[in-house]
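The next block holds one structure in the form of structure tokens; read it before the comments.
Keep in mind the model is a prediction, meaning the values are calculated, not measured. One is the number of the first residue; the rest follow in order along the sequence.
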Amino acid sequence: MNQQTRREFLGDVGRSMLVAGIGGTLVSELGLMPALAGDNTLSFGRFEPLARLMQETPPDKLQRLLVEKLSAGTSLRDLIAAGALANARTFGGQDYVGYHAAMALMPAYQIAQEMPTKSRALPVLKVLYRNTARIQARGGRRNEVLHTVGPAPEAAPLALRSAIRRRDMDGAERLFAKLAQRTPKDAFNDLQQIVQDDINVHRIVLAWRAWDLLRLTGEEHAHTMLRQSVRFCVHEERERVSKRRPEPRIRTVLPKLLDEYGLLGRKLGDRKADDKWVAALGSTVFSGTREQAAEAVAAALADGFAPDAIGEAMSLAANQLVLHDGGRREDGTVHGASVGVHASDAANAWRHTVRVASHSHAVASLVVGAFHTAGQSGHVGREPFIDAPEPVEGKTPELLLREARAAVEERDQAWACVAVQRYGQLGAPAAPVFELLRRYAVSEDGKLHAEKYYRTVTEEFASTRAAFRWRHLVALARVTASEYGTPAPGHADARRLLELG
């Protein structure tokens with residue numbers, strides 16, 4: 001046995017004695033597990049025991065254990081953080097149901113903050129049940145995708161994008177590991193060069209939700225959370241090439257517009273936009289081609305209009321896709337992965353990204369976001385799903401709220417829209433409508449999108465001017481009526497365990 005081998009052997013013996021003395025759970029919390037195992041397993045420090053619990057527990061036993069954890073003092077934010085890390089380690093951004101569960105985690109936590117204390121855990125337990133059910137279906141810890149990765153010796157700014165275009169998973173992973181050695185915000189900005197390189201709702205929403213979850217996981221897990229987008233983008237590029245789809249047009253449109261309008265050398269403006277201007281830009285994005293919408297936004301940026309006004313118009317265009325959708329041919333539904341819900345979630349993620357990204361990526365995100373939102377009106381009707389109803393004499397807000405509830409539970413999308421629109425026309429407060437629709441965002445399955453879309457509408461309502469904001473709630477009423485009738489797996493058991501009746 002040579003000297004180096006002897007030293008390694010004695011080190012292993014010492015570590016094994018440490019494990020025997022302090023126990024496996026504490027070892028995991030101290031982050032020693034990879035070294036002890038001698039492999040490349042990721043470990044999540046204090047979140048490791050909870051993450052393992054969620055990966056290793058059958059879903060029908062999970063909620064009882066999580067409720068016990070809550071009773072013993074574990075916080076909802078820690079449950080969500082551990083669920084996010086367990087999801088990342090298992091799927092690495094490469095499983096459709098898996099990354100949808102990941103994208104629902106922060107919305108579930110945010111919904112929980114709006115609910116009464118006794119029922120606050122309900123949306124969290126619901127989404128964690130979905131998360132673990134998918135983890136178990138994919139083999140749990142035996143089939144983890146994410147492992148430790150060594151950084152490349154150096155990483156030039158555009159090298160990551162080049163590796164994605166070459167479909168080089170290992171090279172892209174190593175480059176991003178190097179980039180992630182700087183600050184988490186730098187790493188998030190570095191991701192934007194690949195997020196902007198194609199248009200896909202999951203490309204932007206996964207990146208945004210992973211960033212947002214760092215508020216709960218802590219920035220020390222930024223590399224784990226953000227690298228999911230790297231793997232997603234490599235996978236998507238491989239799919240594109242294997243199916244012989246052409247190069248995305250945005251790869252030529254974006255640099256052309258940035259150069260033509262001199263946007264990278266121009267400060268973001270703060271010019272205010274009136275209602276007419278926002279409505280006109282929203283109409284262009286809704287009804288125009290992708291190129292027309294992208295150029296309209298580039299021109300607006302060059303004219304000095306504030307990014308939030310441009311984003312507001314983009315969000316309203318996505319909202320019109322919900323309100324113009326004729327519904328699926330087979331059943332008339334509009335929830336889940338529908339054109340309007342997808343466009344709204346994507347526009348919301350683009351707007352958030354603009355607010356935290358560097359100057360160049362904020363500008364590019366608005367142009368790409370408009371390109372992404374536009375060009376889809378051909379998939380919906382020329383006329384809105386309902387005509388704007390006149391206010392009804394003699395109906396109180398309370399009566400209209402009861403009508404909205406009845407419409408949802410009868411799955412009558414038109415009636416739900418009309419009731420909420422008339423309620424808003426009376427100038428009544430929005431909170432009771434959100435409270436009504438939130439209960440179904442929690443109770444219903446929603447085809448993986450209920451929590452995310454509810455949160456999208458919450459945020460867009462708050463950031464949209466008074467003249468237009470109720471359009472978002474009307475759209476949520478429609479989607480809620482569409483999704484009603486399919487209770488979420490695990491929801492009933494969670495209610496029972498929380499003693500909610």
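- Taking the six-membered ring where the residue is Trp, the centroids of His221 and Phe44 are separated by under 6.0 Å.
- By the 30° and 60° cut-offs, the orientation of the rings of His449 relative to His342 is tilted.
- When only modelled atom types and interatomic distance are considered, Glu460 and Ser344 share no side-chain donor-acceptor pair under 3.5 Å.
- Using a 4.5 Å heavy-atom threshold, the side chains of Arg422 and Glu403 count as separate.
- Aromatic rings of Tyr453 and His335 (six-membered ring for Trp) have centroids beyond the 6.0 Å cut-off, not under it.
- What you find for Ala416 and Ala407 is that their closest heavy atoms are N-CB, 3.4 Å.
- Atom CG of Asp308 and atom CZ of Arg351 lie 5.5 Å apart (nearest 0.5 Å).
- For Gln192 (side chain) and Asn189 (main-chain N/O), no donor-acceptor pair under 3.5 Å exists by modelled atom type.
- Within the model, atoms CZ of Arg227 and CG of Leu179 stand 13.5 Å from one another, a figure rounded to the nearest 0.5 Å.
- Side-chain contact, Glu409 with Tyr440: a donor N or O sits under 3.5 Å from an acceptor N or O.
- A side-chain contact (heavy atoms from CB on, under 4.5 Å) with Arg203 holds for exactly one of Val205, Asn200, Leu206; it is Asn200.
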- Query: Can you check side chain to side chain contact (heavy atoms under 4.5 Å, CB included) on Thr353 and His361, steps first, answer last?
  - Reply: CA-CA 9 Å; Thr353 298; His361 289 306; over 6 Å; no
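- For the residue pair Thr183/Asp186, the side-chain donor-acceptor check at 3.5 Å is satisfied.
- Between the side chain of Thr373 and the main chain of Met314, no donor-acceptor pair closer than 3.5 Å is present.
- Taking the six-membered ring where the residue is Trp, the centroids of Phe91 and Tyr99 are separated by 6.0 Å or more.
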- Task: List the steps, then state whether side chain to side chain contact (heavy atoms under 4.5 Å, CB included) holds for Leu476 with Tyr454.
- Result: CA-CA 7 Å; Leu476 180 61; Tyr454 175 87; 3.7 Å; yes
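- Proximity of a side-chain donor or acceptor of Ser75 to a complementary backbone N or O of Asp78 within less than 3.5 Å is detected.
- A distance-only check finds a donor-acceptor pair linking the side chain of Arg495 to the backbone of Leu500 [under 3.5 Å].
- With salt bridges taken as basic N to acidic carboxylate O contacts below 4.0 Å, one links Glu451 and Lys126.
- With rounding to the nearest 0.5 angstrom, the CG atom of Leu146 is 10.0 Å from the CG atom of Leu85.
- Ion pairing between Glu239 and Lys243 holds under the 4.0 Å rule for side-chain N and carboxylate O.
- Side-chain atoms of Arg161 never come within 3.5 Å of backbone atoms of Gln193 as a donor-acceptor pair (strictly under, hydrogens ignored).
- Looking at Gln320 and Arg471, their side chains come closer than 4.5 Å, going by heavy atoms from C-beta outward.
- The CG atom of Asn131 lies 9.0 Å from the CD atom of Gln55; values are rounded to the nearest 0.5 Å.
- Note: Gln63 CD to Thr132 OG1 = 9.5 Å, rounded to the nearest 0.5 Å.
- Within the model, atoms CG of Leu214 and OG1 of Thr224 stand 10.0 Å from one another, a figure rounded to the nearest 0.5 Å.
- Looking only at side-chain heavy atoms (C-beta outward), Val230 and Phe176 come within less than 4.5 Å of each other.
- When atom types are taken as modelled, the side chain of Glu48 and the backbone of Gly45 share no donor-acceptor pair closer than 3.5 angstrom.
- In summary, Asp198 and Arg240 do not engage in a salt bridge, as defined by a charged side-chain N under 4.0 Å from a carboxylate O.
- In terms of heavy-atom proximity, Ala337 sits nearest to Tyr96 at CB-OH, 3.9 Å.
- Thr486 and Asp445 share no donor-acceptor pair across their side chains, judged by distance under 3.5 Å alone.
- Under the 4.0 Å criterion applied to side-chain N and carboxylate O atoms, Glu410 and Arg405 are not assigned as salt-bridge partners.
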- Please walk me through it: do Arg52 and Thr57 pass side-chain hydrogen bond (donor to acceptor under 3.5 Å, both in side chains)? CA-CA 8 Å; Arg52 285 207 320 270; Thr57 305; over 6 Å; no
- Message: Between Val420 and Leu436, does the side chain to side chain contact (heavy atoms under 4.5 Å, CB included) criterion hold? Intermediate values first, please.
- Response: CA-CA 11 Å; Val420 169; Leu436 169 67; over 6 Å; no
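- A salt bridge does not link Lys447 with Glu483: every distance from a Lys NZ or Arg NE/NH1/NH2 to an Asp or Glu carboxylate oxygen is 4.0 Å or more.
- In terms of modelled atom types and a separation under 3.5 Å, the side chain of Arg138 and the main chain of Asn143 share no donor-acceptor contact.
- Salt bridge absent: Arg455 and Asp345 never bring a charged side-chain N and a carboxylate O closer than 4.0 Å.
- In this structure, the side chains of Asp60 and Leu62 stay at 4.5 Å or more apart for every pair of heavy atoms.
- Side-chain N/O atoms of Arg478 and Gln413 include a donor and acceptor closer than 3.5 Å.
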- Message: Before you tell me yes or no, could you show the steps for Val201 and Met103 under side chain to side chain contact (heavy atoms under 4.5 Å, CB included), namely the whole-Å CA-CA distance, both residues' side-chain angles and the distance that decides it to 0.1 Å?
- Response: CA-CA 12 Å; Val201 58; Met103 293 186 292; over 6 Å; no
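- Side-chain contact between Glu144 and Thr41: present, with at least one pair of heavy atoms (C-beta onward) separated by less than 4.5 Å.
- The minimum heavy-atom distance linking Val127 with Ala108 is given by the pair CG2-CB, 3.6 Å.
- Between Glu312 and Arg469, no side-chain nitrogen of the basic residue sits less than 4.0 Å from a carboxylate oxygen of the acidic one, so the salt-bridge criterion is not met.
- Gln113 and Arg120 form no side-chain donor-acceptor contact under 3.5 Å, judged by distance and modelled atom types alone.
- Considering all non-hydrogen atoms of both residues, Ile80 and Leu105 come closest at CD1-O, 3.5 Å.
- Closest of all the heavy-atom pairs between Tyr423 and Pro432 is OH-CG, 3.6 Å.
- If you check the side chains of His352 and Glu459, you find a donor sitting under 3.5 Å from an acceptor.
- The closest side-chain heavy-atom distance from Val433 to Trp470 is below 4.5 Å.
- In this structure, the side chains of Leu79 and Leu70 come closer than 4.5 Å at one or more pairs of heavy atoms.
- The pair Arg438-Glu114 meets the salt-bridge criterion, since a charged nitrogen lies less than 4.0 angstrom from a carboxylate oxygen.
- Between Arg64 and Asp493, no side-chain nitrogen of the basic residue sits less than 4.0 Å from a carboxylate oxygen of the acidic one, so the salt-bridge criterion is not met.
- If you run salt bridge (charged side-chain N to carboxylate O under 4.0 Å, His left out) between Arg231 and each of Glu173, Glu236, Glu237, only Glu173 comes through.
- In this structure the side chain of His472 reaches within 4.5 angstrom of the side chain of Ser315, judged on heavy atoms.
- Of all heavy-atom pairs between Trp208 and Val356, the closest is CZ3-CG2, 4.0 Å.
- His491 places no side-chain N or O within 3.5 Å of a backbone atom of Pro487 that could act as its donor or acceptor partner.
- Ring centroid separation for the pair Phe434 and Phe461 comes in under the 6.0 Å cut-off.
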